[in-house]
Protein chains: 2
Amino acid sequence: MRDVEREFLLSFWKIHILHHAETRHVFGQWVIRELRRHGYEVSPGTLYPLLSRMEERGWLKLKVAPDTGPRARKEYSLTKRGKGVLTLLREQVEELHCEVVLGKENEL
Amino acid sequence: MRDVEREFLLSFWKIHILHHAETRHVFGQWVIRELRRHGYEVSPGTLYPLLSRMEERGWLKLKVAPDTGPRARKEYSLTKRGKGVLTLLREQVEELHCEVVLGKENEL
DNA sequence: GCCTCCTATTATGTAATCCGTAGTCGGATT
DNA sequence: AATCCGACTACGGATTACATAATAGGAGGC
């Protein structure tokens, strides 16, 4: 039943990532550790491309300490554009919650 | 900004589908119409395989009227297993809502 | 100086999913 | 019988997900 949720949870985690990037710097290993702490596993092959895509789309801004080699920690923070996306997502989560959890019938 | 949401919304719609399948019969065109009514477009090439996968996984039970040819409407309803998944998902949505929308810090 | 462990990201190949467009089929309408 | 409508199917390409293995610098120990 655990991998049942995977397909959905990945989306949720993405939202979490944006949420946290709003107030702190986020990087790959941190996310991996946080999720593990909560009993979930996400592999590098899933997570890093994901962060990278978020940067490409302009949701996250990358900052890496200079002169620290090719494997240096990459810290991401939310951009203005990412903030816009996050705001929309929050509205969507609110709606989803209302309809699916609280059962308010807004129709689909 | 609209396709921004697509990646996330598709997951939400899947949850909606399970939610509705709990209390009524759901079929492809109905979902497409409902989403369109709310301003979203999902193409057959996305939706039908999705419903099909949900059936494969045992979340939905297929019922098709007999002797109605290869293009007959396929109606799905929630299985017991699907109900279990939906329950888990509701909890997850609740958590997501608490943390990301209401800002209750449960960490990550 | 060298070995080892730890933190991090990168590389890579395969599988699964997503997507739009075009196609098919039966029934109702005209 | 010709057309339209409601529904699903087929298909090919693009994107995303995934696990595993590889790489690279830094800190300690000796």
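Naming: A, B, ... by sequence-line order, numbering from 1 per chain.
Put simply, CD on Q29(B) is 18 Å from P on dC4(D), counting in whole angstrom units. The interatomic distance linking L9(B) (CG) with dC19(C) (C1') rounds to 15 Å, in whole Å. Taking atom OH of residue Y48(B) and atom C1' of nucleotide dT17(C), one finds them 18 Å apart after rounding to whole Å. Across the protein-nucleic acid pair, F12(A) atom CZ and dA17(D) atom P stand 14 Å apart, rounded to whole Å. A straight line from CZ of R6(A) to P of dA15(C) spans 18 Å, rounded to a whole angstrom. As rounded to whole Å, 9 Å separates atom C1' of dC18(C) from atom NZ of K14(B). Computed from coordinates, the L47(B) CG to dG20(C) P distance equals 12 Å when rounded to whole Å. What separates CD1 of I32(A) from P of dC18(D) is a distance of 12 Å, to the nearest Å.
Where P44(B) and R53(B) meet DNA chain C, the nucleotide closest to each residue was compared, and R53(B) sits on the side nearer the 5' end. Map P49(B) and E41(A) each onto its nearest nucleotide of DNA chain D; the residue landing nearer the 5' end is P49(B).
Side-chain atoms of T46(A) and base atoms of dA17(D) include no donor and acceptor less than 3.5 Å apart. Judged by distance alone with a 3.5 Å cut-off, a donor-acceptor contact links the side chain of R71(B) to the base of dC8(D).
Within the nucleic acid shown, G28(B) comes within 4.0 Å of sugar-phosphate atoms alone, with no base atom in reach, counting heavy atoms only.
Using a 4.5 Å cut-off on side-chain heavy atoms (C-beta onward), F12(A) and Q92(B) make contact. Residues R57(A) and E7(B) are in side-chain contact: their nearest non-hydrogen atoms beyond the backbone lie under 4.5 Å apart.
Closest contact between the side chain of L10(A) and the listed nucleotides dT10(C), dA17(D), dA7(D) involves dA17(D). Counting only heavy atoms from C-beta on, K74(B) has its side chain closest to dC8(D) among dC8(D), dG25(D), dT21(C).
Salt bridge annotation for E34(B)-R24(B): absent, with no cationic side-chain nitrogen under 4.0 angstrom from a carboxylate oxygen. A salt bridge does not link E55(B) with K61(B): every distance from a Lys NZ or Arg NE/NH1/NH2 to an Asp or Glu carboxylate oxygen is 4.0 Å or more.
Aromatic ring pairs are classed by plane angle as parallel below 30°, tilted from 30° to 60° and perpendicular above 60°; the pair W30(A) and H20(A) is perpendicular.
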